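For clarity, every value in this text was computed on a predicted model and none was experimentally measured.
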Amino acid sequence: MDNFSFFLVSVYIPPDLSVNDSELLFEHLEILLVNKPVLIIGDFNVLEFAAKSSSPKAILLTHFCNTLELIQSNKILNSHDKLLDLLLSNIPLLIEVNKDQQPFVPEDLYHPALAIDIEVFSPQKFTTFPLSQDGKLNFRKANFVKLYNDLINVDWSVLEKFSEVNLATQEFYKILNSVLEHSVPYHRSSKLLYPPWFTKEIKQYLKLKLYYRRKWRDTKDMYFLNEFKRLRLLTKSLISSAYKSYMQETEDSIKKNPKKIFDFIRIKQGYTRIPGSMFKNNVCYDTPLEIVNAFADHFSSIYLQNTSVAEDLVSYCPPFNLQMVTEQLILDILSSLPNKNTAGDDQIPSFLLRDARYVLAYPLTVIINLSVATGTFPEIWKHTRITPVHKKGDITHIQNYRPISILSNFAKVFERVIYTALCKNTRSYLSPDQHGFLSGRSTITNLTTITQFISQELDKKGQVDVVYTDFSSAFDTVDHGILLNKLSSFGMAPRFLKLIQSYLSNRVNYVLYNGYKSNPYTASSGVPQGSNLGPLLFIIFINDLLTSLTCKKLAYADDLKIYTTIAGRDDVEHLQYNLDLIREWCLLNRLNLNIDKCFYVTFTRKIYNFPTHYTINGLSLLKMNKVKDLGILFDSEVSFVEHIENLALSAFKSLGFLMRVSRYFDNPQLIKSLYFAFIVSKLEYASVVWSPCYLRHELILERVQRRLMKFLSFKISGTYPVRNIDYNYLLQTHELQSLSARRKIHGARFMWKLIHNKLDSSQLLEYVNFHVPRLSARYACTFVLSQSRTNLLKNSPMVRVSRQANELYSDIFI
């Protein structure tokens, strides 16, 4: 590698160095070495680091490595089987560490002589997915005055003469596209891709500079050489000035919308979200069209052939239909659309629908009412752009992606109409154990419910078994015929049913990325992922499974878990019986269980627990000691210690990322905004469930914010805070709350939402005990706290939020 340089740092940490001094050392090293390629070697005297211990020094060193993205390469133990000498690096090195057989000086018992071979190599470049030269509507340069004036002057009454909705929709687009043609230019990507801060003037000078360079090379005339040198200096100056202006504009835009930081990072690192080389079944695809077609082949292979709709289905629910819509209803829906540039297959962005809502409400009302009357969903609104989104695993493997539907914004308006009517008439019949995609329910209510139940049972010295199931491609394999039969059983009228059937059938999909479009394919089963209506239809599809189970259960869309208290063999058989019910339901409803990903966890704090065993279709389920449930790591004792430690490690990685990015920014308020967007949001997700019980775990998390505030102090003043600076002083200086204080407020807010019907969870309301009678309403506690035998129940979600609500009430009124 030519002209490669890095920092070589030698470290010695005495074994008796205090934890505070160790933390101060690592903090100074972080500030010194952030954004720099570094190789650190030396005697760290942290015996527990190699064993991944939770000792204070090992945690500090681990956080230090995560912040700087350091990898430890030495595996040579000393004569006491301890590892004191470490070799840490964040640069592309091939490092081989061996025991030196011919040391320069006599070696001691604690530090074996090491022979370190280092080979510097050029890292494999991330293959970027190219940008297509195909054009598209460029609304950034649209003449909006003319556009809106032309739309106002359109006579939309012509749509009323049509009796077929597809013909009416075609006429609608014909008129709309003719208006756009005269107001919105068609944009094609430039063949020469310049950085976004290059102005038009800079591009012209660059081309002129190349011209003079070629002329000098051909003629050797000094005039051309002098002009080339002059233009080179001029372009460097202009680029520097333009870059500073661009960074200032970027800083201002990110302050208003922190999500734009991802766009900025992609620009700086120069790669796209999907690599330019992908693999499927050990076959490499390295051209854009090959990749998008490989995605299309993979997504289309999942679908099933549908069954027919039964004609003799009986419904015990009152019948309901989709009524004709009013122009005011469509106007309200258009007003609620986001002010964004997102668009579907027709390239019409949502902000245009929002801005021109008073013009577009009438023609949309005509089309939607015609669609409702005929039971036909417009074919053009079923043309769906598919975006591959990475799930987990290797980013270069196509099977590790799932399809997300990007619908036309007009289709979303119609979906909202259908969703409102469908949800209104089915919500009361949906199982209270379903927490996915329903207002008032979420992953938090799901996790809080099961955590509270397990905590109470373990406080009674009990045992709870939880079986976690996994469906294969659940959203994409929903049988349309079975779904329509279930909708009919809810009381859906034939005309409404016909419209839903039209909505689901013959949906034409294609994969589009960076302008490259795959061959189209038809979705023969499933509901669209990424739509408003799709998740609701799936919840209705799976609802009878939840209502048929006789044990406790919780679902978040297709994530289903069943559980019960285990006191004897009968309880085990009862859970197995419900597991058999799930298998039978899947066979009847043509939904596949991925048995390899189904498992169970026994939650207990007893020394000897009751032995259990569960099977699906004769195959034994794997017993796990911990599980990551909806993003939260549960261990078998529900201590959440490992979750908190992993959360701190992840937060320090994110903090290192933030510190590296912040070298481009000077505004501390922007850095704080990014901190809340990318780190605090992670630290506070579902904190009602796992909030630390002990001070040492609280301090592990507070250390993240302490490090951030010290970095802010250094960024503002250029000097690092003094040793052992008071944490509360830093909080006050940077106008922040401690993370523990924020968790208490979140807990009290959770309780407020629950009792004010902002959260829809009858299971959680059962745990709320009001203090009645209240002889002194000014000072008495609002909620009665359950008597706890263990700290587990004392710190369980509902007991904790009741206590936090009482404390907040006292702080306000006393």
Side-chain angles (χ1 to χ4, degrees), residues 52 54 391-393 433-436 441-459 462-472 474 542 546 549 551-566 571-572 574-576 578-579 582-583 593-606 609-616 619-650 682-683 685-693 697 763 792-793 795-797:
K52 297 183 178 179
S54 59
K391 296 184 293 186
K392 58 182 178 180
D433 300 305
Q434 175 62 261
H435 290 252
R441 304 180 195 174
S442 64
T443 57
I444 312 302
T445 55
N446 182 304
L447 293 169
T448 303
T449 301
I450 192 169
T451 306
Q452 186 64 36
F453 177 82
I454 295 174
S455 299
Q456 290 193 335
E457 294 302 314
L458 267 58
D459 188 72
Q463 171 183 333
V464 177
D465 277 12
V466 183
V467 178
Y468 296 86
T469 64
D470 182 86
F471 296 101
S472 299
I542 203 174
L546 300 180
L549 296 176
C551 66
K552 290 187 175 296
K553 63 278 183 183
L554 284 169
Y556 186 84
D558 60 330
D559 287 326
L560 172 65
K561 48 182 173 274
I562 60 175
Y563 57 100
T564 191
T565 303
I566 303 297
D571 297 319
V572 177
H574 183 224
L575 200 58
Q576 179 62 56
N578 281 273
L579 200 53
I582 295 175
R583 181 181 65 85
L593 272 176
N594 189 345
I595 301 178
D596 292 337
K597 293 184 178 180
C598 296
F599 58 90
Y600 75 99
V601 179
T602 295
F603 293 96
T604 185
R605 291 192 171 185
K606 297 188 295 184
N609 59 297
F610 190 86
T612 55
H613 177 72
Y614 305 99
T615 63
I616 296 179
L619 299 176
S620 297
L621 296 189
L622 182 65
K623 182 178 181 180
M624 307 286 287
N625 292 322
K626 55 188 177 182
V627 57
K628 195 166 189 179
D629 186 5
L630 299 177
I632 303 300
L633 183 62
F634 287 77
D635 57 75
S636 59
E637 295 186 353
V638 201
S639 67
F640 297 112
V641 172
E642 188 173 353
H643 174 76
I644 293 171
E645 292 177 349
N646 290 346
L647 187 60
L649 295 177
S650 176
K682 181 186 300 183
L683 291 171
Y685 168 68
S687 61
V688 170
V689 176
W690 57 262
S691 187
C693 181
H697 296 137
Q763 302 103 316
L792 174 61
L793 183 57
N795 198 52
S796 62

Chemist: Contact between Val572 and Phe610 at the side-chain level, heavy atoms closer than 4.5 Å - yes or no?
Modeler: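 With C-beta onward as the side chain, the pair touches.
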
Chemist: Side chains of Trp690 and Leu647: does their closest heavy-atom pair fall under 4.5 Å?
Modeler: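 Yes, close enough: below the 4.5 Å cut-off.
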
Chemist: Quick one: does Asp470's side chain get under 4.5 Å of Phe599's, heavy atoms only?
Modeler: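 Not touching, per the 4.5 Å side-chain cut-off.
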
Chemist: Run the side chain to side chain donor-acceptor pair (under 3.5 Å) test against Ser442 and tell me which residues pass, sequence neighbours left out.
Modeler: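 Result, side chain to side chain donor-acceptor pair (under 3.5 Å) vs Ser442: none returned.
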
Chemist: Nearest 0.5 Å please: distance from the OG1 atom of Thr445 over to the CD1 atom of Ile450.
Modeler: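 Those atoms lie 12.5 Å apart.
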
Chemist: Less than 4.5 Å apart, any side-chain heavy atom of Tyr563 and any of Asp465?
Modeler: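 With C-beta onward as the side chain, the pair stays apart.
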
Chemist: Indicate the atoms forming the closest heavy-atom contact of Ser650 with Lys682, along with that distance.
Modeler: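 For Ser650 and Lys682, the tightest heavy-atom pair comes out as OG-NZ, 3.0 Å.
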
Chemist: Which one of Glu642, His643, Glu637 satisfies the side-chain hydrogen bond (donor to acceptor under 3.5 Å, both in side chains) criterion with Lys626?
Modeler: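 By the side-chain hydrogen bond (donor to acceptor under 3.5 Å, both in side chains) criterion, Lys626 pairs with just one of Glu642, His643, Glu637: Glu642.
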
Chemist: Which atoms form the tightest heavy-atom contact between Leu560 and Ala555, and what is the distance?
Modeler: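 So the two residues come closest at CD1-CB, 4.1 Å.
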
Chemist: Any chance you could measure Leu447, atom CG, to Tyr685, atom OH, to the nearest 0.5 Å?
Modeler: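 If I round to the nearest 0.5 Å, the distance is 5.5 Å.
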
Chemist: Going by atom types alone, do Thr565 and Glu457 pair a side-chain donor with an acceptor below 3.5 Å?
Modeler: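 The criterion, which ignores hydrogens and geometry beyond distance, is satisfied for Glu457 and Thr565.
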
Chemist: Using atom types as modelled and distance alone, determine if a side-chain donor or acceptor of Arg441 lies under 3.5 Å from a backbone N or O of Gln434.
Modeler: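 It does hold such a pair.
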
Chemist: How many angstroms lie between CD1 in Ile444 and OG in Ser687, if you round to the nearest 0.5 Å?
Modeler: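 Ile444 atom CD1 to Ser687 atom OG measures 8.0 Å (nearest 0.5 Å).
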
Chemist: Run through Leu619, Leu622, Ile562, Leu575 and flag the one making a side-chain contact (heavy atoms from CB on, under 4.5 Å) with Tyr614.
Modeler: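 Only one option passes, and that is Leu575.
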
Chemist: For the residue pair Asn609 and Thr602, confirm or rule out a side-chain donor-acceptor distance under 3.5 Å.
Modeler: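 Per modelled atom types, Asn609 and Thr602 side chains form no pair under 3.5 Å.
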
Chemist: Quick one: sort the Phe634 and Phe603 rings into parallel, tilted or perpendicular, breaks at 30° and 60°.
Modeler: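 Aromatic pair Phe634/Phe603 classed perpendicular.
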
Chemist: Search all heavy atoms of Asn594 against all heavy atoms of Ser472 and return the closest pair with its distance.
Modeler: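 In this case the closest contact between Asn594 and Ser472 is CB-OG, 3.3 Å.
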
Chemist: So, do Gln763 and Lys552 sit near enough that their side-chain heavy atoms are less than 4.5 Å apart?
Modeler: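 No. Closest side-chain heavy atoms not under 4.5 Å.
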
Chemist: How many angstroms lie between atom CD1 of Ile454 and atom CG of Leu793, to the nearest 0.5 angstrom?
Modeler: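 Rounded to the nearest 0.5 Å, the CD1-CG separation comes out at 13.0 Å.
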
Chemist: How close do Gly462 and Thr604 get, counting heavy atoms only, and between which atoms?
Modeler: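 Closest approach of Gly462 to Thr604: O-OG1, 3.3 Å.
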
Chemist: Can you tell me if NZ on Lys606 sees more than 12 non-hydrogen neighbours from other groups inside 6.0 Å?
Modeler: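 Correct, the count exceeds 12.
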
Chemist: Applying the side-chain hydrogen bond (donor to acceptor under 3.5 Å, both in side chains) test to Lys561, which of Asp629, Thr469, Asp433 qualifies?
Modeler: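 When Asp629, Thr469, Asp433 are each tested with Lys561, the side-chain hydrogen bond (donor to acceptor under 3.5 Å, both in side chains) holds only for Asp629.
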
Chemist: Taking atom CG of Asn578 and atom OG1 of Thr564, what is their separation to the nearest 0.5 Å?
Modeler: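 Reported to 0.5 Å precision, the distance equals 8.5 Å.
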
Chemist: Where is the tightest heavy-atom contact between Leu554 and Asn446, given as atom of each residue plus distance?
Modeler: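 Scanning both residues completely, I find the closest heavy atoms to be CD1-O, 3.5 Å.
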
Chemist: Working to the nearest 0.5 Å, report the span between OG of Ser796 and CZ of Phe453.
Modeler: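 The CZ atom of Phe453 is 13.0 Å from OG of Ser796, to the nearest 0.5 Å.
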
